[in-house]
Amino acid sequence: MHLRKVWANIGKSSYPIYIGKGVCESIGRLMRDIGLGGKCAIVTNRTVWNLHGDGVEDALLSMGYDVYVLRVPDGEACKSLDVAVQLYEELINREFDRSSVILALGGGSIGDIAGFVAATYMRGINLVQVPTTLLAQVDAAIGGKVAINHPRGKNLIGTFYQPRMVLIDIKFLKSLSTRDIRSGLAEIVKYGAILNGDFFYFVKENWEKIISLRDRELLYAIEMSCRIKVRIVEKDERDERGIRALLNFGHTVGHALESAYHYSKLRHGEAVSIGMCYEALISVKMGLAKEHVYRELVHVLEEIGLPVRLSDDVDLEELIERMRHDKKALDGEIRMALPKDIGEGIFVNNVPIEVIREALRI
Ligand code: GLY
C-alpha cells in the first residue's frame, strides 16, 4: 500500500498526516511508531461504528492496545457539555491517564467533541484523528480547532489542540452519499480558489473523477488540501494574524446561511459553495477582483452540482445581521477572506454593508 505523508510542522505539536487506501489497517503500528501505546478510547457514533468500527478495533487490538469504545449521539448533537461530561466519567472510570489515547473516529462533529475532551481531560491527553467524511479529511481534522456548542452559538466553547497524528483512509468514503462527497469537494475548491490557482484548475479538470472516488485523483486532491491547510496553520496556528482566516473564504456568508436555516436545509459544503460565490462577487464589487474570478468560480461549482445562489426564502437583512455577529466580526464590522484572483486571497476588515447588500440582492 502506498502511503502518502504530510508533515504538520507546528513546533512542539508537530505531527504526521497519513493518507492512503486501506491505511486504517496499519493504524496500530503507525501509532506505536510515534510512541503511543496502552489504553485507547475510540470516540465514535453508532452509524460510523457499524460501518467501520471492526477494522479499526482489530488493527488496534492486534498491536496490543486496550481498546474502549465510547459512543456519542449521531450528528451535531454530540457537541454538548453534557456529552463531554459523560466522556470524562468514562475516562475516569477506566483510569485513563496522560499516556492514554483518544481516537476520534467519525466526521467533523466527532473530531470536535473527542478533540475537546482530549484537550481538557487532565489538561490534555493524546489525540488521534481518524476522519471518515471527505469534509473532515480535508478540513476539520487538520489544524487543531476543537469545540463544542453552547445553546447560544455553534463552536462557542473550544480551543486549539493539535492531534498527535491524523490518519486519512479513502476507503471510508465509499459509504458516503454523493451529496456528502460534493459537500467535501466545496472545501477542496475553496483551497484552490483562495490559495493555489494550479490546484483550482486541477479540480476544475478532475472533479468528476474525484466525485466518483477514483484513487489517484482523490488521493491527490486530499493530499494537496492537507498540504495547503497545513502550510497556513504553520504560519498562524491560533488564527491571530489574518492568515488562517483566509481559510474562511465562503464561510462568512456560509455560516450566516447555515444558522439562518438552523443547520438543517444545507450541508456545510453547500453553504460554503453559496458563500464563496457571493463573497467573490463582493470582492468584484469592492474592486479587489476582476469579474472573471467570480464567473470562473460559479462555473466550476455549478458544474460540480453545488448550489451557487441564495434561495428566495432567505431574508437578506437577517443574513447580514447574522454576519455582524459572526465570530470573525469585530465591533460589528464584517470581516471576510476575499479572492483577488484565482488562487490568491486577502483578509479584509470592515467590508461595507452596502456592498454586501448589493451583492446578496443579485
Ligand atoms: N476551518 C478553518 C480553520 O481550521 O481554520
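Each ligand, and each atom within it, is numbered from 1 in the order the structure gives.
Every atom of ligand 1 is numbered from 1 in the order shown, and the set under 4.0 Å from a heavy atom of Lys145 is 3 (C), 4 (O), 5 (O).
Taking atom 5 (O) of ligand 1 as the reference point, the nearest protein heavy-atom neighbour is Arg244 NE, 2.7 Å. The protein atom (non-hydrogen) at minimum distance from atom 4 (O) of ligand 1 is Lys229 NZ, 2.7 Å.
Contact of the Tyr15 side chain with the Gln162 side chain is registered, since non-hydrogen atoms from C-beta on lie closer than 4.5 Å.
Counting heavy atoms under 4.0 Å from ligand 1, residue Asp139 touches it through the side chain alone.
Side-chain atoms of Glu302 do not come within 3.5 Å of backbone N or O of Val308 as any donor-acceptor pair. Checking side-chain atoms of Arg182 against main-chain N and O of Ile304 turns up a donor-acceptor pair under 3.5 Å.
Aromatic pair His251/His268: ring centres closer than 6.0 Å.
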